[in-house]
Each structure stands twice: as C-alpha cells, then as structure tokens.
Amino acid sequence: MPVDISSRIVRHEALNPDHFLLTLEAPPIARAARAGQFVMLQVREGYDPLLRRPMSLYRVLPGRRGRIQILYKVVGEGTRHLSRQPVGTSLKTLGPLGNGFALSAPASRAGGAGRAPARPLLVAGGVGIAIFPFLVEALRARRRRPTLLFGARTRRDLVALDFFRRRRVPVHLATEDGSAGSRGFVTRLLEPLLRPAEAAAGTAGTAGTELYVCGPTPMMRAVREQALAAGVPCQLALESQMPCGIGVCLGCVVRCREDEDSPVFQRVCTEGPIFDALRVIL
Amino acid sequence: MPVDISSRIVRHEALNPDHFLLTLEAPPIARAARAGQFVMLQVREGYDPLLRRPMSLYRVLPGRRGRIQILYKVVGEGTRHLSRQPVGTSLKTLGPLGNGFALSAPASRAGGAGRAPARPLLVAGGVGIAIFPFLVEALRARRRRPTLLFGARTRRDLVALDFFRRRRVPVHLATEDGSAGSRGFVTRLLEPLLRPAEAAAGTAGTAGTELYVCGPTPMMRAVREQALAAGVPCQLALESQMPCGIGVCLGCVVRCREDEDSPVFQRVCTEGPIFDALRVIL
Amino acid sequence: MKRAVDLSVTLGPLRLKNPVVTASGTFGYGGEFVPYLKLSELGGLVTKGLSLKPRRGNPPPRTCETAAGMLNAIGLANVGVEAFLAEKLPALRAHDTAIIANVFGETQDEYVAVARRLNGAAGLAAIELNLSCPNTEKGGIAFGVSPPVIQEVVGAVRRAAPDLPLIVKLTPNITDIAVAARAARDGGADVLSLVNTFLGLAIDLAARRPVLANGAGGLSGPAIKPLALYMVQRVHREVDLPIMGMGGISDAGDALEFMVAGSSAVQLGTVNFFDPTASVRVVRGIEDWCRREKVGAVRDIVGTLKAPQGAAPGPCSG
Amino acid sequence: MKRAVDLSVTLGPLRLKNPVVTASGTFGYGGEFVPYLKLSELGGLVTKGLSLKPRRGNPPPRTCETAAGMLNAIGLANVGVEAFLAEKLPALRAHDTAIIANVFGETQDEYVAVARRLNGAAGLAAIELNLSCPNTEKGGIAFGVSPPVIQEVVGAVRRAAPDLPLIVKLTPNITDIAVAARAARDGGADVLSLVNTFLGLAIDLAARRPVLANGAGGLSGPAIKPLALYMVQRVHREVDLPIMGMGGISDAGDALEFMVAGSSAVQLGTVNFFDPTASVRVVRGIEDWCRREKVGAVRDIVGTLKAPQGAAPGPCSG
Ligand SMILES: Cc1cc2nc3c(=O)[nH]c(=O)nc-3n(C[C@H](O)[C@H](O)[C@H](O)COP(=O)(O)OP(=O)(O)OC[C@H]3O[C@@H](n4cnc5c(N)ncnc54)[C@H](O)[C@@H]3O)c2cc1C
Ligand SMILES: Cc1cc2nc3c(=O)[nH]c(=O)nc-3n(C[C@H](O)[C@H](O)[C@H](O)COP(=O)(O)OP(=O)(O)OC[C@H]3O[C@@H](n4cnc5c(N)ncnc54)[C@H](O)[C@@H]3O)c2cc1C
Ligand SMILES: Cc1cc2nc3c(=O)[nH]c(=O)nc-3n(C[C@H](O)[C@H](O)[C@H](O)COP(=O)(O)O)c2cc1C
Ligand SMILES: Cc1cc2nc3c(=O)[nH]c(=O)nc-3n(C[C@H](O)[C@H](O)[C@H](O)COP(=O)(O)O)c2cc1C
Ligand code: FES
Ligand code: FES
C-alpha cells in the first residue's frame with residue numbers, strides 16, 4: 001500500500017555533472033516496493049515547481065533502516081532544484097506507485113517460452129538505467145541471470161556500471177559517439193541476440209529470452225519492433241508527464257491496443273509504468 | 001550608482017532561531033553604500049517568491065573584499081527560504097538603494113539646533129535594529145556619540161548588542177515582557193530624554209538631540225508624536241511592500257504632507273526609506 | 001483541552017459536515033484516495049465529470065506544468081454514468097461523506113439524460129453541472145458563456161432531477177461572471193460553484209507547436225487563486241445563492257479566505273495532485289484556526305469580508 | 001564568428017530595431033533604468049499611463065505578491081501629459097529607442113485631449129491606448145469590454161492624433177478578446193497590444209479585509225502567461241493586425257513563444273521589477289536563439305505556430 005511520507009536525504013552523490021544518486025530514509029516505501037515501481041518526489045518546497053516528479057526506485061538498500069535510492073539526471077528546473085538539496089533535508093515522497101515488472105514472462109507468451117530457461121535481457125537507454133538495479137536483485141533472488149545492454153550518448157552517461165559488474169551481470173555497452181563500447185544505438189547490441197538459433201550459429205536463439213526495456217521513447221519504439229519481430233516477450237518501462245501519479249488526473253495516458261476490458265488510453269502511473277510491448281502503441 | 005549583481009554568500013549565521021546575519025561579497029555595493037540605504041535581495045531562484053526582498057545594509061565590513069552584511073528576521077516564506085541558503089550560493093542583489101540617513105539634522109531645523117553639540121539618539125524596535133550599526137559607524141566617523149534605545153518583545157529579540165557595546169555606545173533596553181531592560185515599549189525609554197532642560201533637572205534637555213528611528217509602524221508612529229511634541233529633529237526609516245525598489249512600480253508609497261513640489265504620495269524606495277518626521281504621515 | 005468547533009455548513013438543500021470538498025477531475029471517483037485519507041473526514045467529494053456514454057478523452061500530452069499552475073486538456077474522459085452507478089457509487093456509499101456527481105454533456109439533451117439517470121440514485125448528495133463544455137449544437141461555444149443557454153440547460157436539468165440538490169459550476173472565461181450566476185439562479189440552481197479552469201495555452205518552442213495535443217487547455221492551481229477569489233467575492237455580492245468557491249486553494253488559509261469572500265464551502269482541485277492528503281489537512285487547519293480565533297461555528301465567517309481601506313475603491317488598477 | 005541576425009520588426013507603421021519593448025507602468029518614464037541598462041538596446045519602451053492632469057493614484061497598500069504573480073492597484077498615478085512633455089520626453093529623446101506614450105482617460109474626451117496633446121510631439125514613436133480603465137460616464141465599466149465603446153474611443157483618438165501610430169491595448173477581462181480586437185481594428189487601430197492585467201483579489205485573513213486599499217487589483221507576472229499566450233494566439237488567428245503580446249514574459253524563451261503564437265513584438269512588464277536587466281537579456285537571448293536555430297530574421301517566426309498534434313482540437317479541457 002503506497003504512502004505519502006516526508007523522507008530525509010541521507011546521501012546525495014553526484015555521479016557526474018548531471019547524474020545524481022539520492023538516498024532517502026523511507027521505511028514504509030522500502031518495505032512495500034517492487035522492482036519497476038516509482039515514487040512521486042517533491043523536488044523543493046513551495047510552488048516552483050508546483051508538481052512532484054516521478055522517479056523510479058533505483059534500489060532498496062538491504063538492512064532495517066528502510067533506505068531507498070533514486071538515480072536521476074538533471075534535464076530541467078525540477079531536477080536541477082533537486083540536485084541542490086543538501087543531506088538532512090526532508091522531501092515529500094509518495095509511493096511505491098505503479099505496477100512494477102512482471103517477473104515471469106507475460107502470461108500471453110508463457111505457453112511458448114515457458115519451459116526454456118529464462119534469459120532476461122535488460123535494455124537500457126541513458127538514464128533509463130535507473131530502473132534496473134532493483135530488477136537485477138529481484139531476478140537474482142529468483143536465480144535468473146540477467147544480461148545488460150546499455151546504450152548512451154557518450155561514455156560519461158554510462159553511470160552505475162559498478163553495480164552490475166560487482167554482481168557479475170554481463171554488460172554490453174554502446175555509445176552514439178563510440179567513446180565506449182560499440183558505436184551506435186543499443187538496438188545494434190540487441191539485434192544478434194534476437195536471431196533465431198538456426199540462423200545464428202553459436203547463439204542460443206531466442207528460447208527463454210525476455211526483454212526488460214527502459215529508455216527514451218524513440219529507443220523503446222525501436223526495441224519494441226525488434227521484440228515483436230523476434231516474437232520474444234518484452235516489457236517496456238514508459239515515461240510520461242505525471243501530475244498526480246495515483247491515477248486520478250488522467251494526464252499520463254498512453255495509447256494502447258483496444259480490447260474488451262481496456263480502454264484505448266491507459267494511465268502510465270497506474271496500469272503502468274511497465275507495459276507489455278504487445279499492448280502499448282508508441 | 002546602484003548596480004544589480006550576483007553576490008556570493010560568504011557567511012550565514014543564525015543569531016537565534018529566527019534572526020540571521022548574512023554576509024555577502026558585493027564590492028560595488030559596498031563601495032557606494034551609505035547608512036540607511038538598502039538592497040533588493042533575491043531570496044532563492046525561481047518564481048516562488050516572485051519578488052526580491054528589501055533589506056537594509058547592516059554593515060559594510062572594513063577591508064578590500066567589499067563585503068556587506070544584512071541582519072534579518074524570518075517573518076514569512078521569503079525570509080524562511082533565505083535562511084536556508086548555504087554559504088557559497090549566489091543571490092541577485094540590487095543596490096545600494098534609497099536616500100539613506102541625513103547625517104546633519106534636516107535643514108528645516110538646522111537653524112534651531114545647529115549650534116548645540118549633536119546628541120544622536122537611535123531608537124530601534126525589534127529587527128529595526130538592523131539599520132543602525134552602519135549608522136553608528138557613520139556618526140562616529142563624524143565624531144558623534146550616538147545612544148541606542150532598543151525595544152523588543154522579549155530578551156531573545158535583543159540581537160546585535162555586542163556591536164554597540166564593543167563600540168561603547170550607551171544602550172538602553174526595554175522588553176514588552178520585562179525579560180531584559182525595563183518592561184514596556186521603547187517609547188518609555190525615550191520620554192525622559194525628550195524633556196526640556198528646565199523641566200528635567202539633571203538632563204541636558206533636548207538641545208542638539210536628533211532622533212533616528214526604525215521599527216514597526218505603531219512604534220514609529222508613537223516616537224514621531226513624541227519627537228514632534230518635543231520639537232526635536234527626527235528621521236524615520238520606513239518599511240513598505242516593495243516590488244521593484246527603484247521607483248518605477250509606484251507600489252511602495254507612503255502619505256506625505258502636501259506642499260508645492262512633493263506629491264501627497266512619496267515612494268519609500270526612492271524619496272525614502274528615510275523620511276523627516278515632519279513630512280511623513282503615518 | 002480543545003473547545004469543539006462547529007464545522008458544518010449548509011448550502012441551500014445541501015448540508016456538509018465541513019466545508020472542504022474535493023473538486024471534479026482531481027479526485028477520480030474517490031476510491032483512489034482511500035490509501036491516503038479517510039473519505040469520511042471530508043465535507044464531500046465531487047466525481048470526475050460524467051457523460052451519458054463512456055469517453056476516452058483527448059490523446060496525450062494532456063497536461064503541462066506552468067508557473068504555479070498547470071494546464072489540462074483531458075477531454076473529459078470518464079466511465080460514463082451507467083458504469084458510475086454500477087461500479088463506482090456502491091463502494092463510495094460506504095463512506096460517510098457527501099458524494100456529488102459532476103455532470104456534463106455536449107448537448108442539452110445529454111445533460112438532461114445524465115441528470116435524469118442520476119436522479120434518485122441511492123447515496124448521491126447532489127449533482128454539479130459543468131457548464132464549461134463546448135455546446136456542439138452552438139458551434140462549440142461553451143454553454144457557460146451565454147446567459148439564456150445557461151438558464152435553459154439549468155432549468156431542463158432541474159426538471160430532470162427534481163430530487164437532487166443542483167449545483168451549477170460556472171466558467172470564469174466570461175466578462176462578468178455575475179451575469180452567468182444570475183442566469184443559473186433564474187434557471188433554478190440551488191448552489192453555485194466557481195470557478196472552473198481558465199483557457200490557456202503552452203507552446204513547445206522547439207517544435208513550434210502547442211504542448212497539449214488538444215492545443216488549448218484549462219489553467220488551474222495557485223496561479224489562478226487571486227482571479228477566482230475576485231469572482232467569488234463578486235458573485236457573493238451580486239447574487240443571492242450559496243457558493244462553493246475554488247481556484248488554487250492549497251491550504252487552510254486559502255480556504256478561509258474564500259469563505260470570508262463569500263464561499264459557504266470550498267473545493268480543492270490541483271492541490272490533490274501535488275499533495276494527496278491536503279484535503280484532510282485543510283479540514284484540520286480550518287478547525288485549528290477557528291479555535292485560535294475563537295470562532296465557534298465556521299459558517300459565521302462566510303462573507304464577512306470588510307470594505308477595503310481605501311477611500312473610493314474601484315476596479316481601476318495599473 | 002557570429003552570423004548577424006536581423007532582429008528588426010515592423011508593426012504596421014511602427015518599426016522597431018528589435019521586438020523587445022518594456023511595458024507601461026513597469027518601466028517608469030524610462031530614465032529610472034539608465035543606471036542598469038542601455039535604453040538604446042531596447043526595441044522600445046512604453047511610458048507609465050498618462051492622463052490629462054497629474055494623478056496621485058490610490059492610497060497604499062497598492063501591491064501584493066501572489067503565487068508567481070502580483071496584484072496592483074496603483075490607480076494610474078502619473079505626472080500628467082504636460083509634465084511628461086516638458087520634463088520626461090526631452091531626456092528620453094536622447095536615447096535611440098522607440099518611445100511609446102501610454103494614454104488613458106476616465107472619459108472619451110480625456111483620451112482625446114491627451115492624444116491630441118501628444119500628436120506631433122518630437123521623439124514620440126507611437127501612442128498606446130489603455131482601454132482597461134473604468135468609464136466614469138458608463139457607470140465605471142471598463143472601456144475595453146464594450147465593442148461599440150472601443151470602436152468609438154479608438155476612432156476619436158485616431159482622428160485626434162493622426163500623425164502617430166496607434167496601438168490599442170486590450171483588457172483580458174472579457175469573454176472573447178477577439179471581439180474587442182475587431183472593434184479596435186474597425187476604430188482604426190494600427191497595432192494591438194495584449195494583455196493588460198487580470199482582475200484579481202487578495203485577502204488579509206487576519207483583518208478580513210482586502211490586502212489592497214483599493215480592494216481589487218490587476219494580476220500580472222508569470223502566473224498569467226498561459227492565459228495571455230492563448231489570447232495572443234486567438235487574436236492572431238481572428239484579426240488581421242500586428243500584435244504586441246505580453247503577460248508574464250520573463251525570459252527569451254517566453255518572448256519567442258509569444259512571437260510564435262503571433263506577436264510581432266513583445267512587452268515585458270513585471271519581470272522588470274524582480275530582474276531590472278531582464279529586457280536587455282531577453283534581446284540577447286532572442287538573438288542567440290535565432291543564431292542557434294539558423295533563423296536569419298526573427299520576424300520570420302511570427303505566427304509560425306503549427307497545428308496541435310491532437311486529432312480534433314477544441315477548447316474542451318477538464
Ligand atoms: C514513471 C517514471 C519514472 C521515472 N524515473 C526516472 C528516474 O529514475 N530517473 C530520472 O532521471 N528520470 C526519471 N523519470 C523522468 C523524470 O520524471 C523527468 O526527467 C523529470 O520529471 C523532469 O523534471 P524537470 O523539472 O527537471 O524537467 P522539466 O522542466 O519538467 O522538463 C525538462 C525536459 O524534460 C522533459 N520531461 C519532463 N518530465 C518528463 C517525463 N516524466 N518524462 C520524459 N520527459 C520529461 C520535458 O518535456 C522537458 O523537455 C521518470 C519518469 C516517469 C514517468
Ligand atoms: C527598505 C526596507 C528595509 C528593510 N530592511 C530589513 C532588514 O534589514 N531586516 C529585516 O529583517 N527586514 C527588513 N525589511 C522587511 C523585510 O523586507 C520583510 O520582512 C520581508 O520582505 C518579508 O518577506 P517574507 O517573504 O519573509 O514575508 P512575507 O510572506 O512577504 O510577509 C510575511 C509578513 O511580513 C509582512 N511583510 C512583508 N513584507 C514587509 C515589509 N516590506 N515591511 C513590513 N512588513 C512586511 C507581511 O505583510 C506579512 O505579514 C525591510 C523592508 C524595507 C521596505
Ligand atoms: C505595477 C503595474 C502598473 C501598471 N500600469 C499600467 C499602466 O499605467 N497602463 C497600462 O496600460 N498597463 C499598466 N500595467 C500593465 C502592464 O503594462 C502589463 O500589461 C501587465 O502587467 C502584463 O504584463 P506582465 O505580466 O509582463 O507584467 C501595469 C502593470 C503593473 C504590474
Ligand atoms: C486535470 C483536471 C481535470 C478536471 N476535470 C474536471 C471535470 O471533469 N469537470 C469539472 O467540472 N471540472 C474539472 N476540473 C476543474 C476543477 O474541478 C477545478 O474547477 C479547477 O481545477 C480549479 O480549481 P483548482 O485550481 O483547485 O484546481 C478539472 C481540473 C483539472 C486540473
Ligand atoms: S499521473 Fe495522474 S493519472 Fe497518471
Ligand atoms: S518599490 Fe517600486 S516604486 Fe518603490
């Protein structure tokens with residue numbers, strides 16, 4: 001059950017000039033949180049900005065102190081104000097919100113890939129990486145071995161790699177400027193891994209492969225196409241402008257395929273932020 | 001000539017839970033400032049609050065670094081936000097503004113009290129004390145020996161006393177709750193000092209006495225009456241809501257006596273903030 | 001020890017345990033807030049606007065943040081009156097608070113049909129007519145800007161739902177809101193609620209395109225509070241009907257100002273987004289203020305605004 | 001190396017070196033800003049509103065801060081047209097920028113008298129008529145809300161000051177500002193400026209009294225930007241006259257949005273209070289943006305707003 005609490009900043013670390021790792025004391029949120037969920041975070045007091053900002057749960061730290069972490073990038077005024085908040089400040093924090101990732105392949109495809117050993121591929125674009133550490137811990141707790149494909153504009157934006165390396169998560173990198181990993185988009189890294197076994201000698205094929213994707217919309221659109229083409233299950237972590245985060249303003253909707261029991265617009269904050277690639281229209 | 005600069009906070013000290021002493025690096029303002037002038041200070045970035053806050057110059061620190069000080073009390077959101085600004089932050093600062101104190105008795109009365117040795121009485125109510133250290137230094141530079149009468153609600157609000165004591169300024173205190181000095185309003189301290197010589201055995205009478213007054217409006221209204229009754233020159237440092245501080249919005253006006261060359265409303269930011277008690281109507 | 005404060009207010013036929021009501025479109029259908037607060041602590045809640053058939057609303061982006069406010073063009077997405085009665089209202093009834101159904105239509109007939117369907121629904125305290133919608137039969141001009149249209153649609157709804165207190169919600173996008181208020185009264189309104197959102201626009205400079213997919217949107221939040229407060233005061237002076245005031249109310253002080261200006265009750269909208277427990281906090285804040293100020297019954301402060309200090313007050317600013 | 005950007009704009013008979021003009025009542029008579037900026041860097045400046053005789057204005061308090069905005073009820077205090085011509089204009093002339101005199105009256109005759117007196121004054125680039133004032137002959141209702149009154153007063157001023165470009169400044173306190181814009185055009189306006197302040201109220205809860213001595217006041221600042229932007233876009237679509245848009249413009253991005261929405265030039269008001277050098281910063285910001293976006297002449301972006309992304313856009317929000 002989500003709560004709205006005032007949570008103290010216990011750590012606030014700059015990973016580079018525009019990426020920050022925030023640690024908050026928020027026991028009730030830490031207890032209830034699932035991978036893929038988010039919080040609505042007040043960035044500073046007063047009416048500028050008026051609305052809270054949605055932020056994924058980067059991690060729930062082990063231990064009894066109920067600490068949660070958020071990894072964010074400064075993209076505008078709100079995140080800039082947030083980045084100036086000193087340790088000790090308390091910020092209103094509402095959560096955990098949203099559906100979170102489905103940790104077994106979506107029912108729709110369970111039949112197809114059910115028996116094969118699960119091969120979770122995490123596909124991150126830019127600050128979309130922020131949603132995956134929590135997921136990695138959840139998957140490992142289920143004895144799954146995720147692989148990370150991480151694309152960014154340039155080397156500097158490849159943050160949080162230590163987290164994955166320390167846990168021996170295989171990491172494949174791509175940067176648009178080629179400053180690290182292979183040059184180009186993350187989709188290039190994904191391509192070979194989605195080739196059917198027979199066609200791709202030496203690859204395991206797509207049996208058991210499931211995609212977890214978070215990044216800028218154009219990147220998610222592309223990955224979605226690849227996944228649908230390869231017929232592998234794919235969960236997309238969507239973003240949208242979120243005034244309330246709790247399903248009441250109807251502001252955050254995304255277009256979805258029509259069917260009896262779901263309207264054509266679904267709320268990213270409530271029916272999402274995690275959507276099955278088969279359902280959402282980007 | 002006033003300037004609008006971004007000045008760095010080099011010190012920010014809490015004198016008590018709601019009074020703060022702020023030290024800013026603002027060389028061009030420090031160079032140009034006169035006692036009784038003020039600055040328009042941005043309390044934090046963004047539109048909340050929208051307007052800057054007028055703050056008197058508490059002191060210009062000696063030395064080449066061009067540091068100015070502001071003593072302020074937290075009375076609302078703006079000053080509360082200001083009180084949270086850490087050292088190192090830069091705040092837009094516009095000044096020095098306003099007319100400042102006239103350091104000889106106003107021309108109107110020079111004839112009357114011109115010859116007698118000047119006896120400056122500084123009358124402060126609450127945070128109105130903030131305007132006087134700068135004035136004390138200006139008076140002492142002219143070999144005048146000011147006396148301070150300082151009234152406040154309670155002992156805790158009697159801030160900045162060290163400044164005056166270190167300079168051997170005679171200080172008479174009053175608090176409404178009697179927790180320090182004599183119980184009651186500062187006007188009680190003033191009364192005996194305004195008795196004419198003949199009537200008041202052992203007092204020097206009012207010859208040469210000039211009043212410099214800053215405090216809440218009711219207090220200034222009372223002191224003004226006393227000064228007019230005793231016929232001593234009196235300068236009042238007024239407050240008003242000040243959107244611009246530079247004379248263009250016409251928002252900060254105060255009622256003044258009519259005469260040919262002054263309109264009935266005068267701008268506190270430009271014709272003031274220091275007004276001759278004879279001219280202003282409170 | 002705390003002295004008891006009487007927070008109850010009466011607006012014509014409508015009695016509320018306290019003056020704090022959550023505004024349409026900002027509180028879902030009520031149930032969404034159950035994790036965060038006790039609905040029974042509220043004076044009432046107003047549902048999302050209901051139409052005859054379900055509506056999917058506008059494509060995204062539907063909202064945009066502005067200085068101390070936000071624009072929205074949700075497009076009145078809602079489950080429709082039937083689903084409301086079948087799926088939402090039964091659960092709501094369990095909570096001891098006034099459930100108010102917000103109603104709109106694209107034609108007068110739609111208003112009437114929705115109102116008739118709601119009339120006599122168990123557990124419904126009142127209906128609120130949203131007159132800010134475009135009248136598709138009148139070239140898309142909002143119902144709420146034409147006095148004769150207002151009087152007619154209000155009258156028709158009045159007859160269609162004779163058993164329910166009728167709240168008419170006025171649009172602020174009009175030269176003199178008192179004229180609309182009079183028309184609503186003449187049509188048979190029991191209570192006036194004001195204001196709805198102000199027409200506004202935000203532009204994505206990089207794309208040289210409106211931010212909202214719909215183009216224009218409605219402005220709400222603290223930014224509009226002074227405008228709404230002025231209109232509430234004006235209607236209170238000009239028209240003899242109880243008022244539910246709203247527009248940017250974000251704390252108890254704001255709510256009390258609206259009451260002093262002439263609102264018998266207040267509605268809280270956008271604040272529910274950035275502070276989901278604000279409504280109950282405002283109830284407690286009003287109670288504390290009354291205690292401090294020795295006000296025994298909050299209703300006694302309604303419309304107690306004194307004349308301005310100035311000599312000859314007039315609308316002239318600048 | 002910097003490519004040159006053509007910042008000049010033409011509004012009917014009025015040519016400005018750049019589109020940034022400071023708004024009436026927020027820039028004094030110009031001279032007050034000489035310590036802070038080069039007036040010659042501005043496209044132009046509009047004086048405080050001028051009446052036939054000097055006016056002392058309303059008693060204090062005259063202003064009040066609100067969420068991302070402020071209310072004012074200055075009461076149009078000004079030195080009067082004679083003192084302006086004798087004491088202010090001569091010094092202003094020295095600066096190479098367009099000096100625009102803002103004019104108002106309590107009666108049509110006063111408008112006409114002031115305009116006639118200004119006609120042919122050396123160094124004056126245009127006059128701007130403030131139609132937001134109450135018409136004392138019409139029960140204090142603002143000139144600017146009645147189309148026939150607008151057309152008549154604009155026509156009369158047009159005849160009284162035939163030699164000066166005539167800017168008519170519209171009030172936003174009206175149901176459809178396009179109707180007022182058409183009336184101003186039909187009266188002979190060369191340029192439209194919009195918007196003036198929105199009627200608003202602030203209440204001192206402790207005193208249960210309006211904060212402003214005048215009671216109501218005019219709302220300005222960032223809070224009103226979305227409302228003003230909507231009106232500018234609407235007038236640009238509906239009426240074929242050049243526009244000077246304003247309302248909450250605080251940086252170059254805001255100014256460019258107003259231009260994209262249809263303003264040929266913009267006016268900056270309240271921002272001059274909280275950031276006295278904003279006007280010149282906006283000029284530079286516009287130039288930098290044009291350079292980045294490879295826009296050779298800023299006038300080319302005026303009115304280039306694309307259609308909304310949505311299918312069937314309409315004013316329906318909620
Ligand atoms: C469910 C969810 C989880 C998120 N998790 C994270 C996270 O873990 N780390 C992180 O850095 N960011 C995350 N975001 C995005 C984050 O909310 C926005 O970057 C933030 O709101 C921007 O606020 P701002 O005031 O700095 O920028 P604004 O001034 O609001 O906007 C600056 C720019 O960012 C764009 N923008 C603003 N909000 C969003 C948004 N919600 N989605 C996409 N673009 C936006 C604007 O269109 C504008 O171009 C998440 C968003 C959602 C919806
Ligand atoms: C020329 C001048 C010099 C000043 N010097 C100092 C100084 O050296 N130290 C200091 O602490 N304060 C000084 N003030 C007062 C100071 O500007 C206000 O206290 C401040 O603006 C309050 O801002 P706020 O946002 O905290 O309070 P607000 O939220 O703006 O107001 C809170 C309360 O304070 C009252 N208030 C707000 N502004 C003023 C004002 N200008 N005058 C009187 N009451 C006000 C409001 O009416 C309200 O009751 C000075 C004012 C002027 C005009
Ligand atoms: C203090 C103040 C005084 C004003 N005086 C006038 C005036 O004399 N004549 C006029 O036409 N507009 C006047 N205005 C309106 C402004 O020119 C402008 O139209 C309005 O403030 C909106 O722009 P802004 O949001 O950028 O301030 C005044 C505004 C303010 C804030
Ligand atoms: C996202 C959103 C949706 C709204 N939907 C409706 C609606 O369906 N019916 C209605 O009458 N008003 C609707 N409103 C208007 C609010 O009920 C309220 O009148 C307005 O927001 C002003 O109050 P506020 O400033 O407190 O938000 C909506 C407002 C917002 C922000
Ligand atoms: S953010 Fe309000 S419904 Fe999703
Ligand atoms: S504060 Fe604007 S004129 Fe004094």
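Chain identifiers are assigned alphabetically (A, B, ...) following the order of the sequence lines, protein sequences preceding nucleic acid strands; residue numbering begins at 1 within each chain.
Heavy-atom distances place the backbone of C:A207, and not its side chain, under 4.5 Å from chain D. Only the side chain of C:T66 comes within contact range of chain D, with at least one heavy atom under 4.5 Å from a heavy atom of that chain. With a threshold of 4.5 angstrom between heavy atoms, C:L212 approaches chain D through N, CA, C or O but not through any side-chain atom. Within the 4.5 angstrom heavy-atom criterion, atoms from both the backbone and the side chain of C:L229 approach chain D. For C:L71, the part lying under 4.5 angstrom from a heavy atom of chain D is the side chain only. Both the backbone and the side chain of D:T304 come within contact range of chain C, with heavy atoms under 4.5 Å apart.
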For this session: Could you walk me through whether C:L227 and D:L227 pass side chain to side chain contact (heavy atoms under 4.5 Å, CB included), step by step?
Result: CA-CA 12 Å; C:L227 310 181; D:L227 310 181; 4.0 Å; yes
For this session: Starting from the C-alpha separation in whole Å, work towards a yes-or-no answer on side chain to side chain contact (heavy atoms under 4.5 Å, CB included) for D:L205 and C:W289.
Result: CA-CA 11 Å; D:L205 181 59; C:W289 182 87; 3.7 Å; yes
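C:Q309 and D:V211 make their closest contact through NE2-O, 3.4 Å (heavy atoms, listed as atom of the first residue, atom of the second, distance). Residues C:K306 and D:P210 share a closest heavy-atom pair of O-CD, 3.3 Å. Residues D:Y230 and C:A216 share a closest heavy-atom pair of CE1-CB, 3.6 Å. Residues D:I174 and C:T175 approach most closely at CA-OG1, 3.2 Å, considering heavy atoms. Closest approach of C:A213 to D:P308, counting heavy atoms only: O-CB, 3.2 Å.
Most heavy-atom pairs under 4.5 Å with chain D: of the set C:L305, C:I141, C:D204, C:L201, this distinction falls to C:L201. The greatest number of non-hydrogen atom pairs below 4.5 Å with chain C, out of D:G57, D:A67, D:S24, is found for D:A67.
Summarising the geometry, atom CD belonging to C:Q233 is positioned 7.0 Å from atom CD1 belonging to D:I203; distances are rounded to the nearest 0.5 Å.
Within residues 255-263 of chain D, the residues having any heavy atom under 4.5 Å from a heavy atom of chain C are, by residue number, D:L256, D:E257, D:V260, D:A261.
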